[in-house]
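Both backbone and side-chain heavy atoms feed into the values below; hydrogens, waters and symmetry mates do not. Each ligand, and each atom within it, is numbered from 1 in the order the structure gives. Small disclaimer: the values here were computed from a predicted structure and weren't measured.
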Amino acid sequence: MRKIILFTALLLNPHIYSQDTDEFSSFIKKIYNEALSNGKAYEWLDYLSNQIGGRLSGSVSYDRSVTWGKEQLSLINLDSVWLQPVMVPKWVRGAPEYAHIETRPGNNISVPIAALGGSIATPSIGISANVIEVKNFDELNQLGMENVEGKIVFFNRPMDPTIINTFQAYGGSVNQRTQGAVQAAKLGAVGVIVRSMTTNLDDYPHTGSMYYDGISLNQRIPAAAISTNGAELLSSMLKLNPNLKFFFRQNSKNFPDVLTNNVIGEVIGSEKPEEIIVVGGHLDSWDLGDGSHDDGAGIVQSMEVLRIFKDIGYKPKRTIRVVLYANEENGLRGGNKYADESKEKNENHFFALESDAGGFTPRGFSFDTSDKEFKSLKKYEDLFAEYGMNNFFKGGSGADIGPLKDGKVILAGLRPDTQRYFDYHHSAADTFDKINKRELELGAAAMASLVYLLDNYKL
Ligand SMILES: [Zn+2]
């Protein structure tokens, strides 16, 4: 029966089916079987999410996750496991934020907000000011100082719902969050409220990083995310009464950098040990939820790649490292540190793969490499067809592995379905109950399969 199938496949696809691809195909099946029958990813993530929880850089729980990651990697008998020290920013949210819309004196409607990561506090009595709503920086700059000074700028550009890939829609809106405070401060605003980065209408504020680059210390103004329902309400009330006031209070604070670690585990290659393959995600997360999708999923999937290889007895030909990166969310110091040290040591990275797009059903891989290399890698796409993720395309890879880019290393990212990611991203809704065990395991299996293929590529 098997011979007949293979023969038919040969007739249909004579250029694809070689002895190699048949061998690859059965090995990938073995990887999937292992991930779906004896997978550890879900159990690991349960612990990371429910016993450790949100892991903001510089926090005690981040350091607990480092200890846990090192312990778990040691238990799977890698050749070595170590910590890589790295200095990271420390920002603390403080007491829960509070905000309300003041329609007339004494008449307030409270709305959910969350300080943006890196934002300063408001004065302890809060800020109350008129609001100017804009969709983008052009609109803001056209209004000019005479309309903005002394006010709270309300950035209310939704993620474009017509864009199918929600990461693209996020990319089209997120500058309000990262740079909105700077743009508004330059025109004399006293605070910034940003519509949450989600296509959902709900009551969760979605936090995320913001930066004060380009303005002086005393120009800094506080910035917070407002839930999308809150944003809709504020916008409609402003239409009725452009003179309404908005009040918000937060006591978030930046502290000096602190020392923490990336966690690294490694299996030395049997044929080309000097060529390194990295698989990873980021161990830190925002503090509002437990960071199950962002990026607990990527962490446990990356760990699972080496666990699967160990347990099915696969001996890599190249050196394979799993890296649990520190501080992706508000600084990328972990990714930069890893790349810097690797450069100093003259290490030779052959391939790097990141999972940082949630633990949802995997759909494919994006590759950041030359056209020529991509064309050659694309021939592996069909091997993933029966797993529903034969979509190889050129695109980004992952923030943490980005600093390794040197024109030679092949970079790739796991691309799960994107439709639900921003329902949870950076909010209190990013919790373990949103994880589907099989989807998580399928992602780990896909990653292990791609790492296996690249381990055998260009030997
Ligand atoms: Zn992430």
Side-chain angles (χ1 to χ4, degrees), residues 41 45 48-49 52-59 61-62 65 69 86 88-89 91 114 116-118 159 165-171 173-174 177-178 196-198 204 206-211 225 260 262-263 278-303 322-336 338 352-360 362 366 368 395-403 411-418 420-432 434-435 440 443-444 447:
L45 189 54
L48 184 62
S49 298
I52 298 177
R55 307 168 291 283
L56 193 53
S57 288
S59 66
S61 52
Y62 180 78
S65 71
V86 53
V88 297
W91 174 84
L116 293 182
M159 278 172 57
N165 182 329
T166 61
F167 281 84
Q168 242 173 50
Y170 176 71
S173 277
V174 75
R177 192 195 75 208
T178 53
S196 284
M197 297 295 131
T198 174
Y204 293 107
H206 295 237
T207 191
S209 55
M210 59 82 63
Y211 302 96
T260 186
N262 291 329
V263 184
V278 160
V279 56
H282 63 88
L283 191 52
D284 67 313
S285 78
W286 285 106
D287 54 334
L288 297 173
D290 63 34
S292 283
H293 278 294
D294 188 13
D295 181 26
I299 287 296
V300 299
Q301 287 171 330
S302 301
M303 292 164 65
V322 54
V323 185
L324 317 182
Y325 291 97
N327 184 232
E328 187 271 346
E329 294 293 2
N330 55 342
L332 206 64
R333 300 277 186 86
N336 285 324
Y338 179 85
L353 171 63
E354 178 151 358
S355 167
D356 183 18
F360 303 98
S366 57
D368 184 358
S397 56
D400 298 288
I401 60 173
L411 302 175
L414 178 72
R415 295 296 151 205
D417 183 85
T418 71
R420 286 170 289 153
Y421 186 63
F422 291 95
D423 294 359
Y424 312 132
H425 184 247
H426 296 183
S427 80
D430 185 4
T431 48
F432 186 68
K434 312 305 189 317
I435 297 285
L440 184 74
M447 289 169 74

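Atom OD1 is the N, O or S atom of Asp356 at the shortest distance from the Zn ion (ligand 1). Looking only at its N/O/S atoms, Asp294 has OD1 as the one nearest to the Zn ion (ligand 1).
The Zn ion (ligand 1) does not have Glu329 among its coordinating residues (no N/O/S atom, backbone or side chain, under 2.8 Å). The Zn ion (ligand 1) lies at 2.8 Å or more from every N, O or S atom belonging to Glu328.
A donor-acceptor contact closer than 3.5 angstrom links the side chains of His282 and Asp294. Ser65 and Arg55 share no side-chain donor-acceptor pair at under 3.5 Å. The closest side-chain donor-acceptor pair between Gln301 and Ser355 falls under 3.5 angstrom.
Under the ring-ring contact (aromatic ring centres under 6.0 Å, His included) criterion, Phe432 pairs with Tyr42, not counting sequence neighbours.
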